[in-house]
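Have a look at the structure below, then the notes.
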Amino acid sequence: MNPLAQPPSLTDFGHDPWWLILGKVVFAFVVALLGTLLGVWFERRVVGRMAVRPGPNQLGPFGLLQTLADGLKMAFKEDILPKAADKVIYFIAPAISMICAVTMLSVIPFGPMVSIFGHQTPLQVTDVSVSVLVVLALSSMAVYGIVLAGWASGSTYPLLGGLRSTAQLISYEVSLGLSIVAVFMLAGTMSTSEIVAAQGQGVTLNLFGAELPGPGWFALLLFPSFVVFLISIVGETNRPPFDMPEAESELVAGFMTEYSSLKFALIMLSEYVAMVAMSAFTVTLFLGGWYAPWPISIWSGANSGWWPLLWFFAKVILLVFVFVWLRGTLPRLRYDQLMRLGWKVLIPVSLVWIVFLATWLKVQDWERNDRLVVFGILGGIALIAALFWPNRKPEQKPTVAEQVENRPQGSFPLPPMDLQVPPSPRTRRMVAEREPANAPAGQDSEEV
């Protein structure tokens with residue numbers, strides 16, 4: 001069998017010459033840089049289309065050079081350093097997020113085994129047995145750039161944005177990790193290249209004794225995990241509607257308020273590189289990686305050579321469109337809604353789904369009657385829990401009189417509840433001063 005038609009494994013890495021490794025690193029960096037330039041243009045064009053306006057259309061064909069012109073303009077802008085800033089951390093913070101976002105692409109498989117100047121090599125910089133954990137670690141470290149940028153600026157609004165980012169990361173990192181557990185259970189590995197290979201094999205469905213070929217993409221086999229993962233990466237990358245650290249309506253511009261010139265450009269670069277990297281990560285885990293979708297996969301040469309590079313980037317662009325679509329459609333959530341979604345919805349759903357999937361995989365080797373008994377018991381327990389689950393009774397709102405009575409000491413003056421404004425004491429005093437002070441003589445004033 002042609003070795004170039006086989007998906008790479010861990011044994012295929014570590015044998016490349018130095019110039020080939022350097023070329024792969026440069027390729028990953030170019031993907032990150034072009035992803036930023038084209039991502040900004042793509043977002044402005046799509047959001048403009050949704051808002052019934054043209055978007056950038058002046059510089060270059062279709063306005064493609066607008067982002068490049070904006071980058072050159074930012075490079076020549078005045079670089080302002082706040083007096084209260086910690087100079088070292090202030091300069092390092094934007095680079096932390098950018099480096100972590102670019103490094104994520106080093107373990108993403110862009111394609112299968114290819115031949116480059118006679119050397120057979122996988123289209124991936126490197127791969128290890130725990131590549132998925134490497135991506136999660138880099139995603140977690142990227143938040144340090146936001147937190148340190150907010151703290152080192154020496155200003156209130158950037159600090160609040162950094163603190164928000166910390167709480168948001170903790171919330172959505174947990175659900176992100178739990179959603180990937182199902183992928184580990186089904187693929188049996190944490191290597192990104194082997195996870196893609198597991199999706200390329202497909203599954204066999206047994207329906208009433210007939211064996212039918214089924215889809216291999218984990219987005220279909222593990223749909224609840226896929227939905228939780230999609231929501232979590234939007235919160236992880238601080239994209240709308242989860243852009244709490246940079247909420248301009250509340251925090252001026254968030255953690256980047258005090259940044260300008262090239263340092264601001266680095267912060268913007270890191271956001272779009274992280275969006276592209278997380279889209280590539282989603283394609284790798286759930287959308288079959290570089291494998292061609294159906295019906296293109298019917299063609300025998302669709303998954304060999306350089307064609308898989310096209311399928312991979314087409315899926316990435318589709319997910320980037322979803323990011324932009326969310327920005328142009330949904331309003332920003334309140335902070336309490338953001339936390340409630342992460343802790344009270346995504347994490348419980350992930351835990352229940354993992355338990356169900358583990359049970360399903362465990363009973364696959366059992367007899368049919370045993371499986372029916374197990375799932376019958378679990379279904380009965382779920383039905384009983386649903387019937388006897390205590391309902392939350394709506395709290396009775398206190399009356400206006402009770403609210404007035406329970407006001408704490410030292411509260412602000414209470415306006416009239418009947419909407420009748422009493423006359424001003426100053427008005428009564430002024431009227432009294434205008435009236436004559438002659439009082440009618442009474443009996444006591446009579447002469448004796």
For [X], look at atom [atom1] and say whether over 12 heavy atoms of other residues, nucleotides or ligands are found less than 6.0 Å away.
X      : atom1 : value
Trp299 : CH2   : yes
Tyr144 : OH    : no
Met141 : CE    : no
Trp325 : CH2   : no

Do [X] and [Y] have side chains that get closer than 4.5 Å, going by heavy atoms?
X      : Y      : result
Ser179 : Val227 : no
Gln120 : Asp12  : no
Leu133 : Val128 : no
Ile92  : Leu148 : no
Phe312 : Val196 : no

Short question: side chain of [X], backbone of [Y] - any donor-acceptor pair under 3.5 Å?
X      : Y      : answer
Ser139 : Val135 : no
Lys263 : Ala93  : no
Lys24  : Ser106 : no
Ser171 : Met339 : no
Gln66  : Trp41  : no
Arg332 : Pro240 : no
Gln199 : Leu285 : yes
Thr192 : Val107 : yes

What pair of heavy atoms forms the shortest contact from Pro56 to Arg44, and how long is it?
->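 Here Pro56 and Arg44 meet closest at CD-CB, 3.6 Å.
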
Which pair of non-hydrogen atoms, one from Pro82 and one from Ser153, has the smallest distance, and what is that distance?
->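 Of all heavy-atom pairs spanning Pro82 and Ser153, the closest is CB-O, 3.9 Å.
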
Any pair with a residue in residues 161-187 that passes ring pair (Phe, Tyr, Trp, His ring centres under 6.0 Å), sequence neighbours left out, goes on the list, sorted by first then second residue, please.
->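 Output for this query lists Tyr172-Phe242.
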
Could you name each residue pair satisfying ring pair (Phe, Tyr, Trp, His ring centres under 6.0 Å) that touches residues 57-95, not counting sequence neighbours?
->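 Listed once each, the pairs are Tyr90-Tyr259.
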
Are a donor atom and an acceptor atom from the side chains of Ser175 and Ser350 found within less than 3.5 Å of each other?
->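 On atom types as modelled, these side chains do not qualify, holding no pair under 3.5 Å.
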
Between Glu194 and Thr189, do the side chains contain an N or O donor and an N or O acceptor separated by less than 3.5 Å?
->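 There is such a pair (donor and acceptor under 3.5 Å, judged by atom type) between the side chains of Glu194 and Thr189.
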
Please round to the nearest 0.5 Å and tell me the distance separating atom [atom1] of [X] and atom [atom2] of [Y].
X      : Y      : atom1 : atom2 : answer
Leu346 : Leu176 : CG    : CG    : 10.5 Å
Ile231 : Leu326 : CD1   : CG    : 9.5 Å
Leu38  : Arg45  : CG    : CZ    : 13.0 Å
Thr284 : Met278 : OG1   : CE    : 11.5 Å
Thr103 : Leu138 : OG1   : CG    : 5.5 Å
Leu169 : Ile146 : CG    : CD1   : 8.5 Å

With Phe286, the ring pair (Phe, Tyr, Trp, His ring centres under 6.0 Å) member among Trp217, Phe223, Phe218, Phe229 |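 Of all the options given, the one that passes is Phe229.
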
How would you list, by chain and number, every residue that makes a side chain to side chain contact (heavy atoms under 4.5 Å, CB included) with Leu123, sequence neighbours excluded?
->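 Leu123 satisfies side chain to side chain contact (heavy atoms under 4.5 Å, CB included) with Phe110, Val114, Trp306, Leu309 only.
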
Evaluate the ring planes of Trp307 and Trp311, with Trp represented by its six-membered ring, and classify them as parallel (under 30°), tilted (30 to 60°) or perpendicular (over 60°).
->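 Rings of Trp307 and Trp311: parallel, under 30°.
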
Determine, step by step, whether Met268 and Asp70 satisfy the side-chain contact (heavy atoms from CB on, under 4.5 Å) criterion, reporting the C-alpha distance in whole Å, the side-chain angles of both residues, the deciding distance to 0.1 Å, and the verdict.
-> CA-CA 12 Å; Met268 189 180 70; Asp70 291 340; over 6 Å; no

